[in-house]
A.B. asks: 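Submitted below is the structure of interest, expressed as structure tokens.
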Amino acid sequence: MNAWEKLALAREATRPTSLFFINSIFDDFLEFHGDRNFRDDPAIIGGIATLNGRPVTIIAEEKGNSLKEKSVRNFGAPHPEGYRKALRLMQQAEKFNRPIICFVDTQGAYCGIGAEERGQGEAIAKNLEEMMTLKVPIISVVLAEGGSGGALAIAVANKVMMLENSIYSILSPEGFASILWKDSSRAEEAAGVMKITAQDLAELKIIDEIIPEPDGGAQADPETVAKSVKNAIADSLVELCRVSPTKLADMRYNRFRGF
Amino acid sequence: MDLKEIIKRRREKFGDDLKAIKGKKKGLPTPEIPSDLFLVCPKCKKSIYKKDVREAHGVCPSCGHLYRLSAVARVKYIADEDTWEAFDFKIARNNPLDFPNYEDKLQQNAEKSGMHEAVLCGRAKIDGTKCILCVMDSHFMMGSMGYYVGEALTRSIEKATKEKLPIVIFTCSGGARMQEGMVSLMQMAKVSGAISKHAAAGLLYVTVLTDPTTGGVTASFASLGDIILAEKGALIGFAGRRVIEQTMRQKLPADFQTAEFLLEKGFVDMIVDRSNIKKVIGKILEMHG
Ligand SMILES: [Zn+2]
């Protein structure tokens, strides 16, 4: 499958979203709300749960499923307060020495008036800087679409994984074609050159691991894919939890220093 | 200065035989005016003597409009005389997507701007205080950040951390360098990581946001200064104006995403006149010395 076909699969309405994975993989999920400053952003879900008995912090971009839910969740496009909630919960995770698991699923940070007024750029920047210093394991999994800074803001991780048919990009192929070629109808061609598939990004070492999907994508067999995601996270956690706190931050710094 | 003044000056310098300066109605220049001597200010529409603009560090002498400065002009103005030592990192340009014609485009931009890439980095003194100074240049690929810019900034910040020096970064950028795809996105994390180490060492980081500072640069190091200064009227934001207008299906007010707007919303410490900026940075460095 080429990048364009994968993108179509990643955008299919039936593809399972973050909440499905959270509920399938973890036990006793407790959702925590709000950035303690402005409001709760439903486009980012956060909270704590256990994985095989170990407490973890979860941060996830959630697009929603029904039309009503999509609208409440702003189609998974977070506002600055969403990223600030994520940071608050990640800092809480560090305080209590809990690993952090992030699920990336957004076309990008929201491009709106309120988002600019409340400092979308500053919110993302702060996450990039602070995530570099956290002394607990961070694992990020791209589920469907990882769009630009809005995805990176929860993906400065020790390990970055992607589902086989997900994509992770600097910008949507439509946006890329419209900026570089002034023609958004050339999106398919853009998808072809942008290197946005899990396979391309593994080759560039921008991601560490690809989690397989069946024919027809994760939507064809969500339970099995959730199990694979669970195993991948659990295996990485075993490995990362052996590393000392300072070393974890150094590892993460060096991972990104190499790009 | 209005056109009459300019003509008077030009006559004093070049005599009375310049047919070119027979201004027509509304004081607009006739087409014969040599374009290398004059420019028409995009804001006040007056004809301005280029040399006057240059001497005022890119400020329109008539209306105060700020022209985008080249990194070289900026460094000349900000660094104390004979203190600038440019870093020569010998960073190779790269084309991770094998993007068609990208190398040619870089070469054209280099020739046009006189820059090797979109940022100049070095050591300097500003009003007597030593610091690391990095200046982006919008004349090279709109100051966009790809591998070269990210790596040059990261090495400069690392030097500052190692040498226990404050760092001053002048930002102006259209954001991430699209032609380098995800490698560009990774630069945002890399540079922010270097800033986190500089911060942990208790060192001072000053950002000066100049026109335009947008996208991935706003969403990384531009927003991370201990002290964030901005130039009057500069466009500063995350998303592009057109994208926001399309998303919101409404027109945005004229002052949206200006330095003044950011100051009001609490994201900028100070708006500083260009004529005063060296002095302000000098004072800040001195007080942290
Ligand atoms: Zn003017």
Side-chain angles (χ1 to χ4, degrees), chain A residues 77 80 83 108-133 146-153 155-157 168-171 175-180 190 193-196 200-201 204-207 249 252-259, chain B residues 96-100 147 150-151 154 158 174-197 199-200 213-224 228 236-240 243-244 246-248 250 252-253 256-257 261-262 264-267:
Chain A
Y83 294 113
Y110 191 57
C111 298
I113 293 174
E116 294 290 323
E117 287 177 337
R118 298 194 290 279
Q120 188 72 285
E122 193 269 351
I124 294 170
K126 263 284 169 316
N127 280 23
L128 304 184
E129 184 183 17
E130 295 296 324
M131 286 181 83
M132 278 292 179
T133 67
S148 199
L152 183 64
V156 181
Y168 188 7
S169 63
I170 183 84
L171 187 66
F176 187 93
S178 117
I179 286 185
L180 285 182
V193 300
M194 288 172 71
K195 299 197 179 160
I196 56 177
D200 284 334
L201 294 169
L204 288 168
K205 302 214 164 22
I206 283 171
I207 65 152
R252 201 177 311 115
Y253 181 84
N254 291 329
R255 184 186 188 283
F256 287 89
R257 180 63 188 88
F259 293 126
Chain B
L97 303 186
D98 298 314
F99 193 80
Y147 168 73
E151 185 65 20
T154 300
E158 286 171 343
R177 179 83 51 88
M178 291 299 147
Q179 289 89 342
E180 293 184 28
M182 283 293 286
V183 170
S184 293
L185 193 72
M186 294 299 114
Q187 305 308 313
M188 292 166 61
K190 182 168 82 178
V191 181
S192 303
I195 291 295
S196 76
K197 289 207 183 284
T213 295
T214 61
V217 168
T218 301
S220 61
F221 61 92
S223 299
L224 295 174
I228 302 181
I236 305 160
F238 173 67
V243 176
I244 299 170
Q246 276 164 10
T247 313
M248 309 295 288
Q250 68 179 83
L252 295 169
F256 192 70
Q257 295 181 317
F261 172 90
L262 265 85
E264 188 201 313
K265 300 300 172 196
F267 291 96

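Residue numbers start from 1 in every chain, and the chains themselves are labelled A, B, ... in the order their sequence lines are given, proteins ahead of strands.
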A.B. asks: Answer with side chain, backbone, both or neither: which region of A:Ile206 has an atom nearer than 4.5 Å to a non-hydrogen atom of chain B?
C.D. replies: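 Only the side chain of A:Ile206 comes within 4.5 Å of chain B.
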
A.B. asks: Could you tell me if the side chain of A:Met194 sits less than 4.5 Å from the side chain of B:Met178, heavy atoms only?
C.D. replies: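 Sidechains of A:Met194 and B:Met178: no contact.
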
A.B. asks: Is it the backbone or the side chain of B:Gln250 that comes under 4.5 Å from a heavy atom of chain A, or both, or neither?
C.D. replies: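 Just its side chain gets close to chain A.
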
A.B. asks: Report the option among B:Ser223, B:Ser196, B:Ala219, B:Gly216 that has the most heavy-atom pairs separated by less than 4.5 Å from atoms of chain A.
C.D. replies: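 Of B:Ser223, B:Ser196, B:Ala219, B:Gly216, B:Ala219 has the most heavy-atom pairs under 4.5 Å with chain A.
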
A.B. asks: Answer whether the closest heavy-atom distance between the side chains of B:Pro253 and B:Phe256 falls below 4.5 Å.
C.D. replies: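 The answer is yes, as the side chains (C-beta and beyond) meet within the 4.5 Å cut-off.
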
A.B. asks: Pick whichever of A:Leu152, A:Val156, A:Leu201 has the most heavy-atom pairs under 4.5 Å with chain B.
C.D. replies: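 If we count pairs closer than 4.5 Å to chain B, A:Leu152 comes out on top.
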
A.B. asks: At a heavy-atom distance under 4.5 Å, which candidate from B:Leu185, B:Asp98, B:Thr218 has the highest pair count against chain A?
C.D. replies: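 Looking at each of B:Leu185, B:Asp98, B:Thr218 in turn, B:Leu185 comes out on top.
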
A.B. asks: Tell me, do B:Ser184 and A:Ile170 make a side-chain contact under 4.5 Å, heavy atoms counted?
C.D. replies: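 Side-chain contact under 4.5 Å: yes.
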
A.B. asks: Mark yes or no for whether B:Gln187, through its side chain, and B:Ala176, through its backbone, hold a donor-acceptor pair below 3.5 Å.
C.D. replies: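 The answer is no, because no donor-acceptor pair under 3.5 Å joins these two groups.
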
A.B. asks: Go through the atoms of B:Leu252 and report whether side chain, backbone, both or neither lie under 4.5 Å from a heavy atom of chain A.
C.D. replies: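 The side chain, not the backbone.
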
A.B. asks: Which bit of B:Ala199 is near chain A, if near means a heavy-atom gap under 4.5 Å: side chain, backbone, both or neither?
C.D. replies: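 The side chain, not the backbone.
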
A.B. asks: Could you check if a side-chain atom of B:Phe261 sits within less than 4.5 angstrom of a side-chain atom of A:Glu117, using non-hydrogen atoms only?
C.D. replies: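 Yes, side chains in contact.
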
A.B. asks: Are B:Glu158 and A:Arg257 close enough for a salt bridge, meaning some N to O gap below 4.0 Å?
C.D. replies: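 Yes, B:Glu158 and A:Arg257 are salt-bridged.
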
A.B. asks: Need one label for A:Arg255: side chain, backbone, both or neither, based on atoms under 4.5 Å from any heavy atom in chain B.
C.D. replies: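 For A:Arg255, there is no contact with chain B at all, as no heavy atom is under 4.5 Å.
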
A.B. asks: Report which part of A:Ser148 has an atom under 4.5 Å of a heavy atom belonging to chain B: side chain, backbone, both, or neither.
C.D. replies: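 A:Ser148 touches chain B through backbone and side-chain heavy atoms alike.
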
A.B. asks: Below 4.5 Å, heavy-atom pairs only: which of B:Gln246, B:Lys197, B:Gln257 has the largest tally toward chain A?
C.D. replies: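 Sorted descending by pairs with chain A, the first entry is B:Lys197.
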
A.B. asks: So does B:Lys265 have more than 12 non-hydrogen atoms from other groups sitting under 6.0 Å from NZ?
C.D. replies: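 Enclosed: over 12 neighbouring heavy atoms sit under 6.0 Å from NZ of B:Lys265.
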
A.B. asks: B:Tyr147 versus B:Lys190: any side-chain heavy-atom pair under 4.5 Å?
C.D. replies: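 Yes, close enough: below the 4.5 Å cut-off.
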
A.B. asks: Heavy-atom pairs under 4.5 Å with chain B: which of A:Phe256, A:Tyr110, A:Phe259 has the most?
C.D. replies: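 Looking at each of A:Phe256, A:Tyr110, A:Phe259 in turn, A:Phe259 comes out on top.
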
A.B. asks: Given the options A:Gly119, A:Gly149, A:Ala123, A:Ala153, which has more heavy-atom pairs under 4.5 Å with chain B than any of the others?
C.D. replies: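 Looking at each of A:Gly119, A:Gly149, A:Ala123, A:Ala153 in turn, A:Gly119 comes out on top.
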
A.B. asks: In terms of heavy-atom pairs under 4.5 Å with chain B, which of A:Gln120, A:Glu116, A:Lys195 leads?
C.D. replies: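 If we count pairs closer than 4.5 Å to chain B, A:Glu116 comes out on top.
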
A.B. asks: At a 4.5 Å cut-off on heavy atoms, which part of B:Met248 comes close to chain A: side chain, backbone, both, or neither?
C.D. replies: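 Looking at B:Met248, just its side chain touches chain A.
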
A.B. asks: When you compare the side chain of A:Val193 with that of B:Leu97, does any pair of heavy atoms fall below 4.5 Å?
C.D. replies: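 The answer is no, as the side chains (C-beta and beyond) never meet within the 4.5 Å cut-off.
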
